[in-house]
Amino acid sequence: MSDWLAAIDNDTQASVLVTVALVEGSGPREAGAKMRVSLEGQVDTIGGGHLELRAVEIAKTMLATGDTHARLERFALGPSLGQCCGGVVHLAFEYVDASLKELLAALRERRQQDSWRLTALDGDAASALFDAAGKLIAGTPGQAPDTFSRERSTHVAQGIEGRRWLVDPCLAPRAHLTLFGAGHVGAAIVRALAHLPCNVTWVDEREDMFPLQMPDNVRIAATDTPEEFVAMAPPGGSFLVMTHSHALDQRLTQAIMEREDAGWFGLIGSHTKRKQFEHRLRARGVPDERIAAMVCPIGMPGIRNKAPAVIAASVACQLLMVWEEAASAALAAPLRLASASAPPRREPRAAIHPL
């Protein structure tokens with residue numbers, strides 16, 4: 001979970017939420033990136049450099065002067081700003097008053113569900129939080145438009161009355177990893193994935209192997225029947241097998257191969273272990289194309305160091321590549337889930353249209 005959102009409930013300091021609302025050309029962070037600024041410092045980043053320095057200055061000026069009006073500022077990333085990205089970044093600045101803090105607390109509770117956050121960038125302060133069906137979750141009814149584009153990433157749209165709104169999708173992580181094995185490498189991989197946009201189900205028979213402190217995106221499962229968690233994994237989910245037992249690795253591999261909707265599958269081991277598993281899988285009738293998709297050894301090519309932290313960094317990179325490719329494919333396709341769950345089309349009381 002993002003640090004700016006994780007800390008919002010426990011912080012009593014006044015703060016300003018800064019969001020990358022729009023990126024034209026090249027920018028240091030993507031639309032939707034955020035940081036929270038107080039007079040004492042900041043949490044998270046919108047990309048660093050002079051852009052971030054200028055944004056922090058604006059946010060702190062708002063706090064020092066008591067300026068609570070939301071605003072949208074344009075920054076050309078050229079010589080005048082001391083950056084050479086060449087693009088243009090539009091930043092939204094929102095003073096975190098009691099109403100917005102309550103909305104962000106609701107968003108924090110919904111971090112495993114898709115939400116859309118709307119904030120007025122002109123006129124009186126107004127913000128709202130909607131679910132995928134268009135239901136108002138938080139905010140003041142009647143203030144924010146109830147029809148808006150759910151197919152785009154974070155953007156600025158204009159209402160029929162000319163008022164500009166920040167439309168900010170806050171989507172649950174799509175990437176899911178079921179990790180079998182709580183040994184040194186498994187623990188290192190969990191640490192490597194702790195702050196990445198994914199959810200992890202960590203499975204092992206040995207309950208005492210799990211650490212006492214667990215990242216927010218990790219759910220542990222101490223069980224004598226780990227194969228059940230293969231069936232429980234979401235369609236398209238990723239699997240990583242690295243238990244203390246080759247026999248258990250074999251059973252889990254067989255179970256994963258039997259799932260036609262399984263996503264990426266990695267098995268820790270050498271080329272020799274792969275050959276042994278391939279032979280056994282073919283003997284059990286597993287198709288060659290399914291066997292060929294099995295990743296073993298795991299990790300990025302060219303990295304030979306076998307220290308747990310090195311393996312974890314390499315595998316995390318490998319998984320990010322898989323997940324980002326899947327996310328790009330999903331963005332290229334129509335957004336069917338949100339539209340399927342949305343209410344019947346009706347005449348909007350206050351529609352907004354992308355700028």
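Position 1 is the first residue of the sequence, and the numbers go up from there.
- Note: the hydrophobic cluster containing W264 does not contain M257 (ILVMFWY, side chain heavy atoms under 4.5 Å, direct or indirect links).
- Across every non-hydrogen atom of S115 and L171, the tightest pair is O-CD2, 4.3 Å.
- The backbone N or O of V310 sits nowhere less than 3.5 Å from a side-chain atom of S314 that would complete a donor-acceptor pair.
- The number of heavy atoms from other shown groups lying within 6.0 Å of CG (D208) is above 12.
- Using a 4.0 Å cut-off between charged side-chain N and carboxylate O, D114 and R150 make no salt bridge.
- At distances below 3.5 Å, not a single donor-acceptor pair connects side-chain atoms of K60 with backbone N or O atoms of I58.
- For the ring-ring contact (aromatic ring centres under 6.0 Å, His included) test, residues two or more places apart in sequence or in another chain that qualify with F210 are W202.
- A salt bridge links D204 to R206: one of the charged nitrogens lies within less than 4.0 Å of a carboxylate oxygen.
- Using a 4.0 Å cut-off between charged side-chain N and carboxylate O, D288 and R282 make a salt bridge.
- Within 6.0 Å of the CE atom in M321, the count of heavy atoms belonging to other residues, nucleotides or ligands does not exceed 12.
- Residue pairs meeting the salt bridge (Lys or Arg N to Asp or Glu O under 4.0 Å) criterion with at least one member in residues 183-197: none, sequence neighbours excluded.
- Of the charged side-chain nitrogens involved, at least one lies within less than 4.0 Å of a carboxylate oxygen, so that D122 and R164 count as a salt-bridged pair.
- Checked by atom type and distance alone, the side chain of E109 never pairs as donor or acceptor with a backbone atom of R111 at under 3.5 Å.
- Under the 4.5 Å side-chain heavy-atom criterion for grouping Ile, Leu, Val, Met, Phe, Trp and Tyr, V218 is not connected to M209 through any hydrophobic cluster.
- Not a single donor-acceptor pair under 3.5 Å links the side chain of D261 to the backbone N or O of G236.
- Taking CZ of R219 as the reference point, atom CG of L179 lies at 12.5 Å (rounded to 0.5 Å).
- Within the 4.5 Å cutoff, the side chain of T253 has heavy atoms near those of the F265 side chain.
- Between A31 and V23, the shortest heavy-atom distance links the atoms N-CG2, 3.9 Å.
- Using a 4.5 Å heavy-atom threshold, the side chains of D168 and L118 count as separate.
- Defined by atom type and a distance below 3.5 Å, a donor-acceptor pair is missing between the side-chain atoms of Q113 and D131.
- Checked for salt-bridge contact, R117 and E94 meet the test: a charged N lies under 4.0 Å from a carboxylate O.
- A donor-acceptor distance shorter than 3.5 angstrom exists from the side chain of R284 to the backbone of R280, with no hydrogens or angles considered.
- Across all their heavy atoms, P169 and V167 have their closest contact at CD-O, 3.5 Å.
- You'll find the ring centres of F180 and F229 outside the 6.0 Å limit.
- In this structure a side-chain-to-backbone donor-acceptor pair under 3.5 Å is present from R290 to R259.
- Under the 3.5 Å distance criterion, with hydrogens and angles disregarded, no donor-acceptor pair is assigned to the side chains of R36 and S38.
- Note that the CE atom of M35 and the CD1 atom of I46 stand 4.0 Å from one another [nearest 0.5 Å].
- With hydrophobic clusters built from ILVMFWY side chains whose heavy atoms lie under 4.5 angstrom apart, V241 shares a cluster with M232.
- In this structure the side chain of P28 reaches within 4.5 angstrom of the side chain of L77, judged on heavy atoms.
- Within the structure, salt bridge (Lys or Arg N to Asp or Glu O under 4.0 Å) contacts touching residues 231-247 (residues at least two apart or in different chains) do not occur.
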Side-chain donor/acceptor pairs under 3.5 Å, residues 291-302, sequence neighbours excluded:
none

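- No path of Ile, Leu, Val, Met, Phe, Trp and Tyr side chains, each step under 4.5 Å between heavy atoms, connects V43 with L53, placing them in separate hydrophobic clusters.
- In H244, the NE2 atom is crowded: over 12 heavy atoms of neighbouring residues, nucleotides or ligands sit closer than 6.0 Å.
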Carefully, step by step, assess T201 and H176 under the rule side-chain hydrogen bond (donor to acceptor under 3.5 Å, both in side chains).
CA-CA 8 Å; T201 300; H176 182 274; 2.9 Å; yes
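- The CZ atom of R54 sits 10.5 Å away from the CG atom of L91 when rounded to the nearest 0.5 Å.
- The minimum heavy-atom distance between G47 and E52, with the atom names listed, is N-OE1, 3.3 Å.
- Within 6.0 Å of CD in Q276 there are more than 12 heavy atoms belonging to other residues, nucleotides or ligands.
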Walk me through whether L5 and L104 qualify under side chain to side chain contact (heavy atoms under 4.5 Å, CB included).
CA-CA 7 Å; L5 187 57; L104 294 176; 4.2 Å; yes
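- Open room surrounds CD on E260; 12 or fewer heavy atoms of other groups in view lie less than 6.0 Å from it.
- Pairs engaging residues 225-240 under the side-chain hydrogen bond (donor to acceptor under 3.5 Å, both in side chains) rule: T223-T225, T225-E228, E227-R251, S238-W323 [sequence neighbours left out].
- Between A70 and A120, the closest heavy-atom pair is CB-O, 3.5 Å.
- Between D67 and R71 there is a salt bridge, since a side-chain N of the basic residue sits under 4.0 Å from a carboxylate O of the acidic one.
- Here side-chain hydrogen bond (donor to acceptor under 3.5 Å, both in side chains) pairs that include residues 293-302, with residues two or more places apart or in two chains, number zero.
- With hydrophobic clusters built from ILVMFWY side chains whose heavy atoms lie under 4.5 angstrom apart, I137 shares a cluster with L107.
- Residue-environment remark: CD (E207) stays at or below the threshold of 12 foreign heavy atoms within 6.0 Å.
- Both cation-pi conditions hold for K273 and F277: the charged atom is under 6.0 angstrom from the six-membered ring centre and inside a 45 degree cone around its axis.
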